[in-house]
Asker: 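Just passing along the structure, written as structure tokens.
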Amino acid sequence: MKKFLAVVLALCMIAALGVSAFAEDAKGADVKGTGVPLTIYTNSGSSGRADWLKERAAQDGYNLTIVEEGAGAVQQRLINEGEATPCDVVFGLNAIIWNDLISRDILVAIDPPSWAGEVSEGLNDPAGYYYAIVKQAILLAYDANQVAPEDAPKDWPDLWENEAFWTKYESQIKLTGGTTRNVLAGILTRYADPDGELGVSEEGWAAIGEFFAHGTPVEDGVDLYAQMVNPDSPVLMGQMWSSGADQYDAQYGVKTGYAVPEVGIPYAVEGVAIVKTTKNLEEAKRFVEWFGSAQIQGEWSEQFKTMPANELAAEKAPASQIAMCSIPAQDIDWALVAANIDSWCEKIMLEYMQ
Amino acid sequence: MNLVKVPLLTRMRRMTPGQLLLFCIMAAVFIWFITACMVLPILNLLKTVFIENGKISLSSFQKLSKSPRAMKALKNSFILAPTLSLTVGFVGISLVLITEYFDVKGAAILRLGYMTTLIYGGVTLVSGYKFIYSNNGVLTNFIANIFPHFNKTWFTGYWAVLFVMTFSCTSNHMIFLRNAMRAVDFQTVEAARNMGASQWTILRRVVLPVLLPSLFAVTILTFITGLCAMSAPLLVGGKDFQTINPMIQQFAEMTTTSAKSLAATLSLILGAATMILLAIMTAIERRGHYMSVSKVKTKIVKQKINNPVVNILVHFYAYALFVIYVIPVILIVLFSFSDSAHIQQRQLDFSTFSLKNYGELLSKTTAYKPFLVSIIYSALAAVIVGLLVVLACRYIQKSKGTFSATALEYSLMIPWLLPSTMIALSLMLAFNQPRWYMFNKPLIATLQLLLIGYVIVKLPFTMRMTKAAFFSLDNALEDAAKNLGASEVYTFRRVIFPVLLPTVMAVAALNFNGLLTDYDMSVFLHHPANPTLGVKIKSLTEEMGNSSDGVALTFVYAVLMMIISAIVLYLVYGRGGKDNIKE
């Protein structure tokens, strides 16, 4: 019986392969790989993500080599490896880095995959360079056990404008992380001014100065939640990405509360894109079609408790993620951010950081 | 030591055809390696960083001079480096005296304790110290229980940084200064005593002068470590004592040219300071050559301290140091069985202990491979660097004072001018396209790229320490071999190299251990399918993709690394180091 089943299964797979190879109308997770090796760079590979994806993709005929590094490192690698880069597909990162890579002509625009229309509006790149897969809400989080919601900050500027919050929030000492940069972008773009220094008005720079002046600097190697539960530390609030909030709640027995600003919040949009110099464009396109589909993204979400950008897969996400990610997105000019973020960080490091 | 400068051409004319061929091949290899892998890539990087529209841009100097934070960090680095050299010098010398010169009870155990810095470092080490001294630390809690108003966040700022680094930077003393101490000729000590010299006079006038060449070398290293301090200021420096290297690192991680030029400017300032110090030290070295004159060395006999009060004080001091050195290691091992939350809160709670993290790490096949990759790369790099440097030092020794020797010596020091992140960038930028000097092949995504990087970053340290060993070589040995008719190659192989071997092996072991967890180089240069351990460990604590056990797993990795490092040290140094003086 088992043997019979195996044969049937094998036949089905061969049939499926044949279909995908010849029929152009296969869609989403039905698009199987041909085994052409693909090299993939990502910052979203740890906690077993890379291993899981490699195995799951192999089941559908894809042969992946996954390089997992921090977002900044992936960006640097792609820029400096130039045309010699072995990379075919990148996934993860965030809108700031995506826009930087686009401006450096590193990515290739592709026709929208079949699932592009299922993604929440405004998350895909309008020009087709990258398509969204996971959203991370960038929150101003606090410990709800120690801070009542009515006493909590409502938006980032409260932290430095209201003396009650001084020293109670963390200010960053490293500005290379994606979350930090999204927070800074969310604050500075409120003061966008074409005549101001680096596109930001004087008022905006003063605000950033205050922000860094009144925070408690991060203790390197110790995360926000460890400070929240430490009675010797004044820190009770700080920046957090949405999937981290759930994870740290479980770990530290904390209940995360978060601000819901009227202007909305920044989202770190993890996406998928193809590198311009790829020699395996067809296979890369097949992989993108497969990877972003509601089926695969749903499985990913179930496995790693993240919020898929694909709305058809959204129901697989934990309720807490759905709640956090329902806060409206702040209207941010990502191209402006991408063009200036390094200069902004440079200025902050030299002039405002404690 | 009256060396006559012999011009290169004359020397070449005196060679046999075989020697000449060998010489030319060596010269070609060195000139190619230095030019193609270091000089051209670094010049290329500096050009992209400093030259704007065909003009040299000095805007980064202006930006930095206007930044109070950068200036303060720079000042702090320049305060830390000299003070650290003094404190580490003091502690380092006393470690060597305690374990090798004075008769201190339990010296063998003490030595093991003092050598713990050889197997761990960086963030792990500083975390180990924080488990004791910072808030919630063992000692802090103990004091706070007795004095309820004790400020629990006392362990921060300059003194905290100096404290941690003083005890963590004595590795080189424990190896190189100890080697030098073992080479002290006991007959000189006895002679001095027979002439009525006091113990203090003997120590000061007979023993210390012999240690000086090694002391110079390790002091330079300490000074550089102080200048480039990274983990200690970040973790315990607090608001008031941040240094320059973390800033350089961040600028280097940014993608804009202006940030890169800030990083380059700051690192060139540190590099220039290093080079000036090196030049001064080399000049002092050249002036006096401190060698024991006796040809038949006698092994040192441990000295009992005559004054009973001093004796008790020395014992107390020795064991106090032992406790300072050992407790962080014990705590790191203990905490590696705990979970991330307790590690970060520094709460030692035995009910959280489990083997889960070890099980998770050792059961996955993907967890093994980075170990293997890092071990192979580190071993290869350590051997290649050792080989290159021994050859270079031999040349420098033979042609001392000539232009080519000086040029070679300083070229091999170039990597000290820039941090490893920048060197990695220079390699990427240089070899992302075919270059004639690299046989027209791009090196991106090749296995050899990372190896080149590893070799380069370890050149200066290896060079400095091996050169010190060459300096303390007894020329009479070589002369004797030559007089007996031994050929040059034979003399080197059978007479000189065996004497150098303990140092060469020790340096190789240190290089191996240092590269094992490298992140700065690996992250940019590793082959896509073969990530190294440092990259793997770092990814555990990356935001947004991090695992809830991330921090705990880094501790498990740290403990495994300690074990590997200890094994390596034992294999190449522990056994070989026992009897390197002919008795």
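Heavy-atom basis, side chains included; hydrogens, waters and symmetry copies ignored. Chain identifiers are assigned alphabetically (A, B, ...) following the order of the sequence lines, protein sequences preceding nucleic acid strands; residue numbering begins at 1 within each chain.
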Asker: Please state whether the side chain, the backbone, both or neither of B/Val523 comes within less than 4.5 Å of a heavy atom of chain A.
Answerer: both
Asker: Name the member of B/Lys152, B/Lys239, B/Gln250 that forms the most heavy-atom pairs with chain A at distances under 4.5 Å.
Answerer: B/Gln250
Asker: Please state whether the side chain, the backbone, both or neither of B/Lys441 comes within less than 4.5 Å of a heavy atom of chain A.
Answerer: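 Neither part.
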Asker: Which bit of A/Thr306 comes within less than 4.5 Å of chain B, counting heavy atoms only: side chain, backbone, both or neither?
Answerer: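 For A/Thr306, neither part sits under 4.5 Å from chain B.
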Asker: Counting only heavy atoms closer than 4.5 Å, note whether B/Ile343 contacts chain A via side chain, backbone, both or neither.
Answerer: neither
Asker: Which atom pair, heavy atoms only, marks the closest approach of B/Ala259 to A/Glu346?
Answerer: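 Answer, listing the atom of B/Ala259 first, then A/Glu346: N-OE1, 3.4 Å.
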Asker: If I measure from the heavy atoms of chain A, does B/Lys72 come under 4.5 Å with its side chain, its backbone, both, or neither?
Answerer: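 Interface part for B/Lys72: neither.
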Asker: For the interface with chain B, which of A/Thr65, A/Val134, A/Asp232, A/Val67 has the highest count of heavy-atom pairs at distances below 4.5 Å?
Answerer: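 Of the candidates given, the most pairs with chain B belong to A/Asp232.
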Asker: Evaluate the criterion side-chain contact (heavy atoms from CB on, under 4.5 Å) for residue pair A/Glu69 and B/Lys538; output intermediate values, then yes/no.
Answerer: CA-CA 8 Å; A/Glu69 281 171 348; B/Lys538 178 88 177 196; over 6 Å; no
Asker: Can you see which heavy atom on A/Val222 is nearest to which on B/Arg346, and at what distance?
Answerer: CG2-NH1, 4.3 Å
Asker: Is the shortest side-chain heavy-atom distance between A/Glu68 and B/Pro531 below 4.5 Å?
Answerer: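 No. Closest side-chain heavy atoms not under 4.5 Å.
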Asker: Would you mind checking which part of A/Ile40 comes under 4.5 Å of any heavy atom in chain B, side chain (CB onward), backbone (N, CA, C, O), both or neither?
Answerer: neither
Asker: Using heavy-atom distances under 4.5 Å, tell me whether B/His342 contacts chain A through its side chain, its backbone, both, or neither.
Answerer: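 Neither part; nothing is under 4.5 Å.
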Asker: Which members of residues 251-258 of chain B, sorted by number, sit under 4.5 angstrom from chain A on a heavy-atom basis?
Answerer: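 Result: B/Phe251, B/Ala252, B/Glu253, B/Met254, B/Thr255, B/Thr256, B/Ser258.
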Asker: Using heavy atoms and a sub-4.5 Å threshold, report which of residues 63-71 of chain B line up against chain A, by residue number.
Answerer: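 Near chain A, by residue number: B/Lys63, B/Leu64, B/Ser67, B/Pro68, B/Arg69, B/Ala70.
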Asker: Write down the atom of B/Met247, the atom of A/Leu350, and the distance for their closest heavy-atom approach.
Answerer: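 Between these two residues, the closest heavy atoms are CE-CD2, 3.9 Å.
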Asker: At a 4.5 Å cut-off on heavy atoms, which part of B/Pro528 comes close to chain A: side chain, backbone, both, or neither?
Answerer: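 Both the backbone and the side chain of B/Pro528 come within 4.5 Å of chain A.
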Asker: So which residue, A/Pro86, A/Gly48, A/Cys87, ends up with the most heavy-atom pairs under 4.5 Å with chain B?
Answerer: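 Looking at each option in turn, the highest pair count goes to A/Pro86.
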Asker: Which bit of A/Ile138 comes within less than 4.5 Å of chain B, counting heavy atoms only: side chain, backbone, both or neither?
Answerer: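 Answer is side chain: those atoms of A/Ile138 sit under 4.5 Å from chain B.
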Asker: Once rounded to the nearest 0.5 Å, what's the spacing between atom CD of A/Glu81 and atom CG of B/Leu443?
Answerer: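 Separation between the atoms: 11.5 Å.
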Asker: Under 4.5 Å heavy-atom distance to chain B, tell me which part of A/Ala268 shows up: side chain, backbone, both or neither.
Answerer: side chain
Asker: Which one wins on heavy-atom pair count under 4.5 Å against chain A: B/Thr156, B/Val126, B/Leu235?
Answerer: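 That would be B/Leu235.
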Asker: For the CD atom of B/Gln345 and the CD atom of A/Gln227, what is their distance to the nearest 0.5 Å?
Answerer: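 Taking CD in B/Gln345 and CD in A/Gln227, the distance rounds to 9.5 Å.
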Asker: Less than 4.5 Å to any heavy atom of chain A: does that hold for the side chain of B/Ser340, its backbone, both, or neither?
Answerer: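 The answer is both parts of B/Ser340.
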Asker: Answer with side chain, backbone, both or neither: which region of A/Asp223 has an atom nearer than 4.5 Å to a non-hydrogen atom of chain B?
Answerer: both
Asker: For the residue pair A/Gln251 and B/Asp339, establish whether any side-chain heavy-atom pair is separated by less than 4.5 Å.
Answerer: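 Answer no - side chains too far apart.
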Asker: Could you look at A/Met240 and say if it's the side chain, the backbone, both or neither that has a heavy atom under 4.5 Å from chain B?
Answerer: neither
Asker: Could you have a look at A/Ile173, A/Thr179, A/Thr39, A/Ile79 and say which one has the most heavy-atom pairs with chain B under 4.5 angstrom?
Answerer: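 Maximum pair count with chain B is reached by A/Thr179.
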Asker: What residue in A/Glu351, A/Gln75, A/Met353 has the most heavy-atom pairs under 4.5 Å with chain B?
Answerer: A/Met353
Asker: Going through the checks in order, is the side-chain contact (heavy atoms from CB on, under 4.5 Å) test met by B/Ile444 and A/Glu83?
Answerer: CA-CA 9 Å; B/Ile444 297 294; A/Glu83 296 195 349; over 6 Å; no
Asker: Can you tell if the side chain of A/Lys174 reaches within under 4.5 Å of the side chain of B/Leu234, non-hydrogen atoms only?
Answerer: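 Yes. Closest side-chain heavy atoms under 4.5 Å.
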Asker: Provide the closest heavy-atom pair for A/Ala226 versus B/Gln344 in the form atom of the first, atom of the second, distance.
Answerer: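 Shortest heavy-atom contact: CB-CB, 3.7 Å.
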Asker: Would A/Thr176 and B/Gln249 satisfy side-chain contact (heavy atoms from CB on, under 4.5 Å), going step by step from the backbone distance to the final call?
Answerer: CA-CA 10 Å; A/Thr176 39; B/Gln249 196 68 31; over 6 Å; no
Asker: Side chain, backbone, both or neither: which part of B/Ser522 has a heavy atom under 4.5 Å from chain A?
Answerer: backbone
Asker: Give, as side chain, backbone, both or neither, the part of A/Cys345 having an atom under 4.5 angstrom from any heavy atom of chain B.
Answerer: both
Asker: Counting heavy-atom pairs under 4.5 Å to chain B, which of A/Ser343, A/Pro217, A/Pro231 comes out on top?
Answerer: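 Heavy-atom pairs under 4.5 Å are most numerous for A/Pro217.
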Asker: Looking only at heavy atoms, which two atoms of A/Ala73 and B/Tyr519 are closest? And how far apart?
Answerer: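 It is CB-OH, 4.5 Å.
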Asker: Does some side-chain heavy atom of A/Glu219 sit less than 4.5 Å from a side-chain heavy atom of B/Lys130?
Answerer: yes
Asker: Please check if the side chain of B/Asn432 supplies one atom and the backbone of A/Asn80 the other of a donor-acceptor pair under 3.5 Å.
Answerer: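 Present.
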